[in-house]
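Only one structure is covered here, and it is reproduced in the block below.
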Amino acid sequence: MNPIILFDGECNFCDSSVQFIMKRDPKGLFRFASLQSPTGQELQKKYGVPEDIDSIVLIEKGKSYYKSAAALRICRHLKGAWKLFYGFTIVPRFIRNAAYDIIAKNRYKWFGKKEESCMLPSPSIRKRFL
């Protein structure tokens, strides 16, 4: 099973992050689903994602990762120097997550929420969404 990234489908920052990942994932390793979608909600339950998690989640090899752990594990699969960010896993999780939480808490204020309409992806991109 390919790794799956669950993201906040209402968040502009999260949407931009998905676009960023897709551009740096030329092999198409990752699949995507919004947290708000029926598929996203089913995956959250199946993999025991805490209900209070409302930002990025990575499901990989039968386990779920969220907050900084998800972001860093995603980075290790991206092309280019982004792989180096995985080295930040040596930083204690509570410190990494504190920084992550500041961004997550303010993401709507800083980046806004999506409007009702969204882009229509090309067929090659569409097949990566669950």
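Fair warning: this is a prediction, and the values are worked out from it, not measured in the lab.
Remark: Ser37 OG to Phe7 CZ distance equals 8.0 Å, nearest 0.5 Å. Taking CH2 from Trp82 and SG from Cys75, the interatomic distance works out to 7.0 Å, rounded to the nearest 0.5 Å. Taking NZ of Lys46 as the start and OG of Ser64 as the end, the distance is 12.0 Å to the nearest 0.5 Å. If you take CG on Asn2 and NZ on Lys27, they are separated by 12.0 Å, rounding to the nearest 0.5 Å. To the nearest 0.5 Å, atom CG of residue Leu35 and atom CG of residue Leu6 are 5.5 Å apart. Taken from CZ in Arg24 to CZ in Phe30, the straight-line distance is 13.0 Å, to the nearest 0.5 Å.
The two residues Gly9 and Gln36 come nearest to each other via the heavy atoms N-OE1, 2.9 Å. Nearest heavy atoms, Thr39 versus Ala33: CG2-CB, 4.4 Å. A pairwise comparison of heavy atoms in Met1 and Tyr47 identifies CE-OH, 3.6 Å as the closest pair. What you find for Phe85 and Leu72 is that their closest heavy atoms are O-CD2, 3.1 Å.
Using a distance-only test at 3.5 Å, with no hydrogens or angles considered, a donor-acceptor pair links the side chain of Asn12 to the main chain of Phe111.
Applying the 6.0 Å contact sphere to NZ of Lys83 captures more than 12 heavy atoms from other residues, nucleotides or ligands. Annotation: Tyr66, atom OH; neighbour count of heavy atoms from other residues, nucleotides and ligands within 6.0 Å does not exceed 12.
Residues Lys79 and Pro26 form a side-chain contact, since some pair of their non-hydrogen atoms from C-beta on lies under 4.5 Å apart. No side-chain heavy atom of Val57 sits under 4.5 Å from any side-chain heavy atom of Ile5. Residues Phe129 and Val18 form a side-chain contact, since some pair of their non-hydrogen atoms from C-beta on lies under 4.5 Å apart.
Residues satisfying the salt bridge (charged side-chain N to carboxylate O under 4.0 Å, His left out) test with Arg93, not counting sequence neighbours, are none. Evaluation of the salt bridge (charged side-chain N to carboxylate O under 4.0 Å, His left out) rule for Arg73 yields Glu60 as partners, not counting sequence neighbours.
Taken together through direct or relayed side-chain contacts under 4.5 Å among Ile, Leu, Val, Met, Phe, Trp and Tyr, Tyr65 and Phe94 form part of one hydrophobic cluster. Criterion: ILVMFWY side-chain heavy atoms under 4.5 Å apart, direct or through other members. Under it, Phe13 and Trp110 are part of a common hydrophobic cluster.
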Donor-acceptor pairs under 3.5 angstrom involving side-chain atoms of residues 99-108: please list them, not counting sequence neighbours.
| from | atom 1 | to | atom 2 | distance (Å) |
| --- | --- | --- | --- | --- |
| Tyr100 | OH | Ser55 | OG | 2.9 |
| Tyr100 | OH | Ile56 | N | 3.4 |
| Asp101 | OD1 | Lys67 | NZ | 3.0 |
| Asp101 | OD2 | Lys67 | NZ | 3.3 |
| Asn106 | OD1 | Lys109 | NZ | 3.3 |
| Asn106 | ND2 | Ile102 | O | 2.8 |
| Arg107 | NH1 | Ala104 | O | 2.7 |
| Arg107 | NH2 | Asp8 | OD2 | 2.8 |
| Arg107 | NH2 | Asp54 | O | 2.8 |
| Tyr108 | OH | Asp8 | OD2 | 2.4 |

Side chain to side chain contact (heavy atoms under 4.5 Å, CB included) between Ile59 and Lys63, worked out: CA-CA 6 Å; Ile59 299 170; Lys63 289 184 68 179; over 6 Å; no
